[in-house]
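Presented below is the structure to which this report refers.
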Amino acid sequence: MNNLEIAKLLRSVAAAYQVNPATSSEPTSHFRIVAYQNAADAIEHLTSEVKDLWDDDKLREIPGVGNTIADYLDELFKTGKIKHFEEIMHDLPPAMFELMDVPGIGAKRALRLSRELGITRAHGALEKLIHAAEHGHIRNLEGFGEQLEKEILLSVKTVKERSKRLLLPFATIVAEEVVEYMQKHPGVEKIETLGSLRRRTATVGDIDIAVATNKPKEVIEHFAAYPKKNKLIEKGDSTSSLLLPGGVQVDLMVQPAQYFGALLQHFTGSKHHNIALRTYALKKKLSLSERGIKSGGRIEYFENEEAFYKRLGMDWIPPELRENDGEIELALLHQLPKLVELEDIKGDLHMHSNFPQETSHDAGTNQMEDYANMAVGLNYEYIGFTEHNLKSSTSEAKVLDVLKQKQELAEKLNLKLKIENLKLCIFNGLEIDITPSGKLALPENAFTTLDYAIVSLHSSFRGTKADQTKRVLEGLAHPKVRIFGHPTGRKLNNREGVELDWDKIFDYALKHNKWIEINSSPDRLDLPDTLARQAVKLGVKLIVDTDSHEISWLSGMRYGISVARRGWAEKKDVVNTLSLQEFEKILHST
DNA sequence: GCCGTTTTCGGCCCGACTGTTTTCAGTCG
């Protein structure tokens with residue numbers, strides 16, 4: 001069972017407790033339900049497989065997993081099932097747990113719909129629900145009505161249409177359009193995109209927007225009239241939600257400007273950060289909400305977030321860190337890291353020009369000189385060209401010949417830049433496949449043409465953790481290799497990354513001056529943020545690259561920086577923040 | 001069921017919105 005399946009199982013158990021009249025009358029039952037949901041949450045967000053943690057006897061290290069759930073998971077991995085779970089879910093129709101995927105349907109509605117509409121089997125449950133709604137079978141159930149039936153029909157269709165989360169850059173663009181529209185209304189005093197978008201997670205669920213205004217009604221009306229909307233989901237006094245084409249949901253929250261600090265804080269999340277923050281505040285007899293901070297029945301207001309956090313005795317916490325992963329404790333000690341910024345970047349070492357060579361994978365569309373001009377505009381001090389290695393069918397002599405030409409071209413460009421008195425240095429690199437056997441897809445004598453190499457995985461993503469780790473370590477061993485490119489090989493919404501023993505990879509990188517790439521491609525953002533955090537903790541050097549295949553991609557650097565910041569990286573952790581002189585030194589040292 | 005810089009017992013974030021009723025339950029973030 002993988003993590004998502006285990007999380008779903010725990011959620012199902014929580015739901016079973018929720019609808020069970022025997023247990024739900026116990027006073028502590030609500031908290032048991034929450035505990036199962038918390039454990040499910042934690043497991044969903046884990047980077048390592050629960051199975052691997054179990055192998056290493058580390059289940060208890062998962063937050064929200066205590067003795068009881070750890071024992072159940074132990075039973076699961078030993079016997080393939082959990083007796084106690086089977087018992088409490090025994091009388092419940094399996095379809096119920098599928099129906100719960102529909103927004104607006106929780107445990108109780110799911111059970112009633114399942115029983116009263118005769119939808120029992122998990123397979124095809126959503127289709128049957130659509131059928132029932134379309135034929136007006138839901139409106140007559142007690143506690144349901146015509147509105148709810150319509151609601152359910154739309155939600156279930158949305159959930160089927162939208163199984164994928166938005167990639168960060170796409171979400172950014174959609175959000176910017178809505179913000180632009182909202183700013184046309186004179187009542188909008190301040191506006192910010194918040195939620196996971198502000199925290200810069202690799203994929204975004206909903207788009208959250210906050211507005212400061214003293215005309216909440218008018219602002220919400222304006223929002224509800226957004227011309228691109230498919231549907232108005234809800235509209236209240238202080239919040240409203242829209243559905244855009246493609247199943248993109250936009251949530252708006254409005255408050256007077258005096259509340260804006262608390263509003264930003266509340267709406268940025270994450271949920272776990274907020275819960276931890278409120279739990280801490282309660283100990284100080286303070287109660288937090290999106291309006292402000294209540295103390296002894298009196299509420300205090302904050303126009304900005306800095307003041308809000310200060311009132312709690314802590315430094316302002318950058319949104320990227322708000323995941324309840326130690327940031328609150330450090331903010332109290334005034335010891336938060338100073339995160340790397342886009343302006344710190346001095347070069348980009350992974351880009352593909354259109355240099356004519358028969359590469360193993362897709363080539364770039366712009367010539368080297370175009371990239372150089374862009375880089376000068378970005379105030380970079382150095383860049384590196386890393387076209388893919390040539391096709392494996394190419395003869396050794398031809399490979400050497402082509403790569404010598406590329407080397408000469410790069411040198412010529414360096415000369416030209418010098419003559420024009422432009423301070424940009426060109427490095428000549430290559431992105432080389434690590435073949436399934438661990439060999440590099442380049443003949444040894446061709447390495448002499450290169451300043452450095454990136455190695456990466458482009459095929460054979462399956463295979464055991466041990467085998468893949470061995471493959472990567474062998475691939476990294478060549479002295480010209482500096483960078484491990486898009487390390488997990490994941491494609492967001494599309495393909496999981498390879499399984500690797502990161503302790504071993506990071507240890508090797510640390511000892512042999514290898515750098516782990518954060519690849520800024522929108523559908524990669526690879527290294528993932530959680531692994532970046534692990535690398536930073538160990539002192540492993542990161543490099544943020546764009547993997548540009550055309551010059552416009554260079555601006556994607558900011559997304560890679562977001563990942564680095566979510567990994568708690570400071571300037572010192574990222575090698576392409578170094579000046580040219582320092583960078584050359586580290587590039588050539590072993 | 002989980003958890004500990006007030007606690008190994010006794011707490012557990014907080015408030016919003018909707019639909020269906022008529023004072024609230026269910027759901028969500």
Side-chain angles (χ1 to χ4, degrees), chain A residues 10 13-15 17-19 23-24 26-42 59-60 62-73 84 88 99-113 138-152 155 194-196 205-208 210 216 220 232-241 249-255 259 262-263 265-294 299 313 324 328-329 332-333:
Chain A
L10 293 174
V13 172
Y17 275 122
Q18 232 172 318
V19 296
T23 57
S24 62
E26 298 167 22
T28 61
S29 122
H30 167 69
F31 299 109
R32 179 168 51 196
I33 292 163
V34 171
Y36 273 101
Q37 287 167 340
N38 285 342
D41 270 358
L59 283 180
R60 289 298 314 275
I62 305 170
V65 172
N67 281 330
T68 310
I69 294 181
D71 284 348
Y72 286 142
L73 292 176
H84 173 64
I88 58 171
L99 299 186
M100 284 174 55
D101 288 342
V102 180
I105 299 183
K108 296 183 180 180
R109 282 178 185 163
L111 178 60
R112 291 202 40 221
L113 287 169
I138 294 178
R139 66 183 67 180
N140 297 324
L141 304 178
E142 199 190 322
F144 289 83
E146 214 168 318
Q147 280 304 313
L148 214 43
E149 182 178 77
K150 258 169 73 184
E151 194 67 40
I152 286 171
S155 302
L194 304 175
S196 53
D206 300 331
I207 291 171
D208 299 312
I220 283 184
L232 176 63
I233 298 173
E234 65 171 47
K235 192 176 74 164
D237 295 338
S238 63
T239 68
S240 177
S241 297
Q249 185 172 331
V250 188
D251 298 331
L252 178 79
M253 189 173 261
V254 298
Q255 293 289 348
Y259 300 157
L263 183 64
Q265 197 291 316
H266 172 84
F267 225 7
T268 297
S270 66
K271 182 182 162 193
H272 296 292
H273 174 83
N274 283 359
I275 289 174
L277 204 63
R278 284 168 190 198
T279 306
Y280 171 80
L282 274 185
K283 291 177 191 161
K284 305 259 168 199
K285 305 237 186 289
L286 300 172
S287 170
L288 313 184
S289 79
E290 65 265 47
R291 291 243 170 76
I293 300 180
K294 256 186 242 165
I299 186 159
N324 189 28
I328 292 174
E329 292 77 0
L332 282 165
L333 296 168

Only pairs under 3.5 Å count here: list side-chain donor-acceptor contacts from residues 273-285 of chain A, not counting sequence neighbours, and write none if there are none.
{"residue": "A:H273", "atom": "ND1", "partner": "A:E327", "partner atom": "OE2", "Å": "2.7"}
{"residue": "A:H273", "atom": "NE2", "partner": "A:Y309", "partner atom": "OH", "Å": "2.9"}
{"residue": "A:N274", "atom": "OD1", "partner": "A:Q265", "partner atom": "NE2", "Å": "3.1"}
{"residue": "A:N274", "atom": "ND2", "partner": "A:H266", "partner atom": "O", "Å": "3.0"}
{"residue": "A:R278", "atom": "NH2", "partner": "A:H266", "partner atom": "ND1", "Å": "2.8"}
{"residue": "A:T279", "atom": "OG1", "partner": "A:I275", "partner atom": "O", "Å": "2.6"}

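- Other residues, nucleotides and ligands contribute over 12 non-hydrogen atoms within 6.0 Å of the CD atom of A:E329.
- Mapped onto DNA chain B by nearest heavy atom, A:Y280 and A:M100 fall at different nucleotides, with A:Y280 at the one closer to the 5' end.
- Note on ring orientation: taking the six-membered ring where Trp is involved, the planes of A:Y17 and A:H84 are tilted (angle from 30° to 60°).
- Atoms CG (A:L10) and P (B:dG1) sit 12 Å apart, rounded to a whole Å.
- Taking atom CG of residue A:L73 and atom C1' of nucleotide B:dG1, one finds them 13 Å apart after rounding to whole Å.
- Glycosidic conformation at B:dT5 (O4'-C1'-N9-C4 for purines, O4'-C1'-N1-C2 for pyrimidines): anti, more than 90° from 0.
- Each of A:I69 and A:G104 has a nearest nucleotide on DNA chain B; the 5'-most of these lies closest to A:I69.
- With rounding to whole Å, A:K283 atom NZ is found 8 Å from B:dG4 atom P.
- Put simply, NE2 on A:H30 is 15 Å from P on B:dG1, counting in whole angstrom units.
- Rounded to the nearest Å, the gap between the C1' atom of B:dC13 and that of B:dC3 is 16 Å.
- Judged by Watson-Crick or G-U wobble contacts below 3.5 Å, the nucleotide B:dC17 has B:dG26 as its partner.
- Separating the CD1 atom of A:I328 from the P atom of B:dT5 is a distance of 13 Å, rounded to the nearest angstrom.
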>> Walk along nucleotides 13-22 of chain B from 5' to 3' and tag each nucleotide B, S or - by protein heavy-atom contact under 4.0 Å, base first, then sugar-phosphate.
In response: BBSSSSSS--
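- B:dT27 atom C1' lies 15 Å from atom CG of A:L99, rounded to whole Å.
- B:dG1 sits 23 Å from B:dT5 when the C1' atoms are compared, rounded to a whole Å.
- In A:D237, the CG atom is not crowded: 12 or fewer heavy atoms of neighbouring residues, nucleotides or ligands sit closer than 6.0 Å.
- Taking the side chain of A:A35 as heavy atoms from C-beta on, and the options B:dG1, B:dG26, B:dG29, the nearest nucleotide is B:dG1.
- Under the side-chain contact (heavy atoms from CB on, under 4.5 Å) test applied with A:S241, the options A:D206, A:L232, A:I233 reduce to a single match, A:I233.
- In this structure, the CD1 atom of A:I33 is 17 Å from the C1' atom of B:dG11, given to the nearest Å.
- Comparing the P positions of B:dT20 and B:dG10 gives an interatomic distance of 44 Å, to the nearest angstrom.
- Contact of the A:F144 side chain with the A:L113 side chain is registered, since non-hydrogen atoms from C-beta on lie closer than 4.5 Å.
- At least one donor-acceptor pair under 3.5 Å links the side chain of A:S240 to the backbone N or O of A:E234.
- Using a 4.0 Å heavy-atom distance criterion, A:V102 is classed as a sugar-phosphate-only contact.
- Residue A:A107 is classed as a sugar-phosphate contact, given heavy-atom separations below 4.0 Å to backbone atoms only.
- One atom, CG of A:N38, and another, P of B:dC2, lie 10 Å apart when rounded to the nearest Å.
- Spacing between B:dC14 and B:dC9 at atom C1', rounded to whole Å, works out to 24 Å.
- For B:dG11 and B:dT6, the C1' atoms lie 12 Å apart once the distance is rounded to whole Å.
- Under a 3.5 Å cut-off, the side chain of A:R60 and the backbone N or O of A:A70 do not form any donor-acceptor pair.
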